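Inspection log for the structure reproduced underneath, given as structure tokens.
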Amino acid sequence: MPCTTLLVGKNASYDGSTLIARNDDSQSTRFTPKKLAVIHPEQQNRVYETVLSHLKIQLPDNPMRYTAMPNALKGEGIWAASGINEAEVAMTATETITSNPRVLGADPLVEYDEETNTPGGIGEEDIVYLVLPYIHSAREGVLRLGSLLEKYGTYEMNGIAFSDHDEIWWLETIGGHHWIARRVPDDAYVVMPNQLGIDTFDLKDAFTTKENHLCSDDLKEFIEKNHLCLNLDDSFNARYAFGSHDDSDHVYNTPRDWFIRRYLNPHTYKWDGENADFTPFL
């Protein structure tokens, strides 16, 4: 199955745990072996250099011990995939997601320029290594990754999950330097296929109390300047503004989401037939 994320709030799980999970797929006809690693503070470099984008980043001096699932073979970088640190904060990175030409035209991805040797941004190769050893809560994870995205940019669209004992946060990148994040409600679960998934997003909360929504500092100006809000009322739907609207979503992504929710909640909604509440296409 393609890369798919499942997030379960503490009041939706059997034992009150917060749960985040993601399968890590490989390219077609290719197998990428992984390994389990425990990285101790003395093993964490203080200067990190990405392999794919040739970017150097200075790291803090106080890393924690953490686990990771990096590639077993060298060549394309660490690709740590997921892990838990000694503060019992977990993260998984990343779910490849999608955007649209309006967003990418306004804030292009930061790609490595081989001709001029100009570094690119950060990506799936790097994110766990750069974030997990330095955070003490899921919210801290969002804020640290967000600051890195704003400073260095990214060359790809990704979704990243963070969890601690009480909270789960889901962050999605927008273009090269922008991002949004939303706290998963305690009594809910989320299925995330390969597309931008956050729909309702409370900009007021993100710029005031920051209780359940966080975002890059200039997101309001970015939306207004580039006419990205597609709602016809006062609400704001992030998926409309930042996500893709391709036929491939209805073939590749939506059916996966529909099948998993149908499996987990077979009696809550009507899943089949002419009067279905949800279908593989919507």
Side-chain angles (χ1 to χ4, degrees), residues 1-9 12-13 18-32 34 69 79 81-82 90-104 109 123-125 127-128 138 142 145 149 154-163 168-175 178-185 188-201 213 230 237-266 268-272 276-282:
M1 182 173 68
C3 192
T4 308
T5 296
L6 182 65
L7 315 172
V8 183
S13 66
T18 56
L19 303 173
I20 60 174
R22 177 180 64 91
N23 67 309
D24 192 358
D25 59 350
S26 299
Q27 298 176 14
S28 180
T29 72
R30 177 181 172 185
F31 174 69
T32 303
K34 307 288 284 186
M69 294 289 292
W79 294 80
S82 63
M91 68 177 293
T92 173
T94 67
E95 177 84 23
T96 302
I97 60 174
T98 52
S99 189
N100 62 66
R102 297 188 315 280
V103 170
L104 298 178
L109 298 175
E124 183 172 355
E125 168 201 351
I127 287 175
V128 170
V142 170
L145 178 55
L149 291 167
T154 182
Y155 54 82
E156 59 188 5
M157 296 287 298
N158 282 315
I160 299 95
F162 299 92
S163 72
I168 297 174
W169 282 82
W170 174 253
L171 180 149
E172 295 181 326
T173 64
I174 300 165
H178 293 84
W179 58 275
I180 55 175
R182 184 172 170 182
R183 183 180 184 273
V184 175
Y189 74 87
V190 175
V191 179
M192 189 63 61
N194 295 109
Q195 62 186 133
L196 192 139
I198 296 176
D199 45 20
T200 303
F201 190 81
H213 302 78
L230 302 182
N237 188 307
R239 189 185 300 164
Y240 291 166
F242 307 131
S244 59
H245 311 282
D246 299 330
D247 290 341
S248 60
D249 286 326
H250 302 300
V251 175
Y252 187 68
N253 293 318
T254 309
R256 222 183 319 157
D257 177 22
W258 171 84
F259 179 83
I260 294 173
R261 288 189 293 136
R262 181 179 185 268
Y263 180 83
L264 294 175
N265 283 80
T268 307
Y269 301 100
K270 182 175 173 58
W271 300 98
D272 301 286
D277 297 306
F278 300 99
T279 77
F281 309 105
L282 298 173

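On a predicted model such as this, the values are computed, not experimentally measured, just so you know. As a basis for the values below, the full set of heavy atoms in this structure was taken, side chains included, without hydrogen atoms, waters or symmetry mates.
For the pair D199 and R182, the minimum side-chain heavy-atom distance is below 4.5 Å. Proximity of D24 to W79: side-chain heavy atoms (C-beta onward) are nowhere separated by under 4.5 Å.
Considering CG of L7 and CG of L19, their distance stands at 9.5 Å, rounded to 0.5 Å. One finds the CG atom of L145 at 5.0 Å from the CG atom of L171 (value rounded to the nearest 0.5 Å). In this structure, OG1 on T94 lies 11.5 Å from CD on E172, to the nearest 0.5 angstrom. Between E95 atom CD and I160 atom CD1 the span is 10.0 Å, to the nearest 0.5 Å. Distance check: I260 CD1 to M192 CE gives 11.0 Å after rounding to the nearest 0.5 Å. The distance from the CD1 atom of I127 to the CG atom of L149 is 6.5 Å, given to the nearest 0.5 Å.
Distance alone, capped at 3.5 Å, is enough to place a donor-acceptor pair between the T254 side chain and the D249 backbone. Side chain of S99 to backbone of F242: a donor-acceptor contact under 3.5 angstrom is found. Counting only distance, with no hydrogens or angles, the side chain of E156 and the backbone of E124 share a donor-acceptor pair below 3.5 Å.
The two atoms that bring I168 and S163 nearest to each other are CG1-CB, 3.9 Å, heavy atoms only. When all heavy atoms of Y240 and L230 are compared, the closest pair comes out as O-CD1, 3.3 Å. Heavy-atom minimum distance, A241 versus N100: O-ND2, 3.2 Å. Among all heavy-atom pairs drawn from L6 and L264, the shortest one is CD1-CD1, 4.3 Å. Closest approach of K34 to A81, counting heavy atoms only: NZ-CB, 3.8 Å. Annotation for I174 and W179: closest pair CD1-C, 3.9 Å, computed over non-hydrogen atoms.
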task = Output, in order, the C-alpha distance, side-chain angles, deciding distance and verdict of side chain to side chain contact (heavy atoms under 4.5 Å, CB included) for M91 and V128.
result = CA-CA 7 Å; M91 68 177 293; V128 170; 4.1 Å; yes
task = Carefully, step by step, assess I97 and N194 under the rule side chain to side chain contact (heavy atoms under 4.5 Å, CB included).
result = CA-CA 5 Å; I97 60 174; N194 295 109; 5.9 Å; no
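Residue F278 qualifies as enclosed at atom CZ: its count of foreign heavy atoms under 6.0 Å is above 12.
The aromatic rings of W271 and Y269 sit perpendicular to each other, their planes meeting at more than 60°, with 30° as the lower class boundary.
R22 and S82 are not linked by any side-chain donor-acceptor pair at a separation below 3.5 angstrom, with hydrogens and angles left out of the test. When only modelled atom types and interatomic distance are considered, N265 and Y189 share a side-chain donor-acceptor pair under 3.5 Å.
For the pair R256 and Y252, the distance from NZ or CZ to the six-membered ring centre is under 6.0 Å and the angle to the ring normal is within 45 degrees.
Between D277 and R262, no side-chain nitrogen of the basic residue sits less than 4.0 Å from a carboxylate oxygen of the acidic one, so the salt-bridge criterion is not met.
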